[in-house]
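Quick notes on the structure that follows.
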Amino acid sequence: MRPIRGAIRSGALLLGVAGTILGPAPARTAPTPIAHRGTGTTRVSARDPEGEIHHAGTEPDLRHLVADLLGVGPDELVPEASLIDDLAADSLDLMELAVVIESTFEITLTRHRMDEVRSYRDLLDTVMESVERGRARELVLTPGLGVKSRLVPPGASEATLERADALSAYVIETIREDAMGARPGTHLEVTLPGEASTVDLASVRDALAGLGRRGIAVSVRFDAPVSAAIPV
């Protein structure tokens, strides 16, 4: 018996969500800013005051959610498991998954991206990318700083794309999207000015952390001789 599947299926059909499921997510309350000691700046970062990384439980939460909705055991959700062939999910099951995932993780799953989901790994990558995009949009960084980035292809010494911009959540998301289009083995180098704080460094590092799953090597460092690069 699939515990919550029937209720969601009935609700989805009665409310006619089939046409709106993959539309824009409803507006949600902005996260409460975290005041970090010693900076004089209020900001939202991917870490709370105790240093815990938000969304660290995304995969276990997704695993139990998918297992519950599809009526399978969590151990059956191996990365290569096909949602349709191995887990017997149909199109309505996938619609239900999208509804509950969007609500649970407060993200938006586009129709185009969901159409590309075949395996549990695909689903996990899609959810994690959406979570990370939301995390990048929530960043509030020290104003007035600059940031430089370089994309260096595998085996090359020269960058194919360089940026120098004012540091902001939008620019970090742009840098991330640049890297998403690069081939595996590419190195993304991000440099913050020496006057940036360690919180700025940690926030940028966390916002770019998911690129490793795409085979993109990332380093984030201060633009100062005494500061070593911090790998993601």
Side-chain angles (χ1 to χ4, degrees), residues 22 25 44-47 53-56 58-59 62 78-80 82-83 101 105 107-142 145-194 196 198-224 227-232:
L22 298 177
V44 176
S45 78
R47 296 177 183 271
I53 300 176
H54 299 325
H55 310 301
T58 299
E59 197 283 329
L62 180 66
V78 294
E80 63 273 14
S82 167
L83 298 179
I101 288 171
F105 297 102
I107 58 176
T108 299
L109 300 176
T110 65
R111 183 180 300 276
H112 172 73
R113 193 67 179 90
M114 284 300 295
D115 285 345
E116 296 177 344
V117 170
R118 299 289 182 271
S119 66
Y120 177 66
R121 184 194 300 276
D122 294 338
L123 181 63
L124 177 60
D125 286 347
T126 297
V127 171
M128 291 300 294
E129 287 169 10
S130 296
V131 168
E132 286 155 9
R133 282 193 177 95
R135 182 190 304 171
R137 285 193 294 269
E138 291 169 0
L139 291 177
V140 178
L141 301 159
T142 303
L145 299 178
V147 61
K148 292 183 287 188
S149 65
R150 302 175 73 243
L151 278 175
V152 182
S157 58
E158 297 295 326
T160 56
L161 178 63
E162 296 187 350
R163 288 186 180 276
D165 296 285
L167 181 60
S168 68
Y170 172 79
V171 168
I172 295 302
E173 175 64 8
T174 300
I175 291 172
R176 199 184 76 85
E177 289 181 353
D178 288 341
M180 290 280 287
R183 69 179 193 263
T186 296
H187 185 194
L188 171 62
E189 302 171 357
V190 180
T191 305
L192 299 179
T198 55
V199 174
D200 292 315
L201 192 75
S203 296
V204 172
R205 182 181 61 184
D206 289 339
L208 300 175
L211 291 171
R213 293 194 307 275
R214 293 269 182 168
I216 307 299
V218 182
S219 62
V220 183
R221 67 180 179 86
F222 289 121
D223 189 12
S227 300
I230 298 181
V232 172

Please test Asp200 against Thr142 for side chain to side chain donor-acceptor pair (under 3.5 Å), starting from the C-alpha separation and ending with a verdict.
CA-CA 7 Å; Asp200 292 315; Thr142 303; 3.0 Å; yes
Quick check: closest heavy atoms across [X] and [Y], and the distance to 0.1 Å?
X	Y	answer
Leu109	Ser130	CD2-OG, 3.8 Å
Pro184	Pro154	O-CG, 3.8 Å
Asp125	Arg213	OD1-NE, 3.6 Å
Ala166	Val171	O-CG2, 3.3 Å
Tyr120	Val78	CB-O, 3.6 Å
Ala179	Leu188	CB-CD2, 4.1 Å

Under the criterion side-chain contact (heavy atoms from CB on, under 4.5 Å), I'd like the reasoning laid out for Leu167 against Ile172: C-alpha separation, chi angles, the key distance, then a yes or no.
CA-CA 7 Å; Leu167 181 60; Ile172 295 302; 3.7 Å; yes
Pairwise side-chain contact, [X] with [Y], heavy-atom cut-off 4.5 Å (strictly under):
X	Y	result
Val152	Thr186	no
Glu80	Ser119	no
Leu211	Met180	yes

So, taking the atom named [atom1] in [X] and the one named [atom2] in [Y], what distance separates them when rounded to the nearest 0.5 Å?
X	Y	atom1	atom2	result
Asp178	Thr160	CG	OG1	9.0 Å
Ile175	Asp165	CD1	CG	6.5 Å
Thr110	Asp115	OG1	CG	8.5 Å
Thr198	Arg205	OG1	CZ	9.5 Å

Counterpart residues, side chain to side chain contact (heavy atoms under 4.5 Å, CB included), relative to [X] (two or more places apart):
X	result
Glu158	none
Pro79	Arg121
Leu124	Glu59, Leu62, Met128
Ala217	His187

Do Lys148 and Glu189 sit within salt-bridge range, that is, some charged N less than 4.0 Å from a carboxylate O?
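The answer is no: the pair does not qualify as a salt bridge.
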I'd like to know if Glu116 and Arg111 make a salt bridge, using a cut-off of under 4.0 Å between side-chain N and carboxylate O.
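Not counted as a salt bridge, because no side-chain N and carboxylate O are separated by less than 4.0 Å.
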Listed by chain and number, what are the side-chain hydrogen bond (donor to acceptor under 3.5 Å, both in side chains) partners of Glu177, not counting sequence neighbours?
none
Taking only residues two or more places apart in sequence, or in another chain, which ones meet Arg118 in a side-chain hydrogen bond (donor to acceptor under 3.5 Å, both in side chains)?
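Checked Arg118 against side-chain hydrogen bond (donor to acceptor under 3.5 Å, both in side chains); zero matches.
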Does the pair Asp223 and Leu192 meet the rule for a side-chain contact (heavy atoms from CB on, under 4.5 Å), with working shown?
CA-CA 6 Å; Asp223 189 12; Leu192 299 179; over 6 Å; no
Could you please spell out the steps behind the side-chain contact (heavy atoms from CB on, under 4.5 Å) verdict for Thr191 and Phe222?
CA-CA 6 Å; Thr191 305; Phe222 289 121; over 6 Å; no
Starting from the C-alpha separation in whole Å, work towards a yes-or-no answer on side-chain contact (heavy atoms from CB on, under 4.5 Å) for Val147 and Val204.
CA-CA 10 Å; Val147 61; Val204 172; 5.8 Å; no
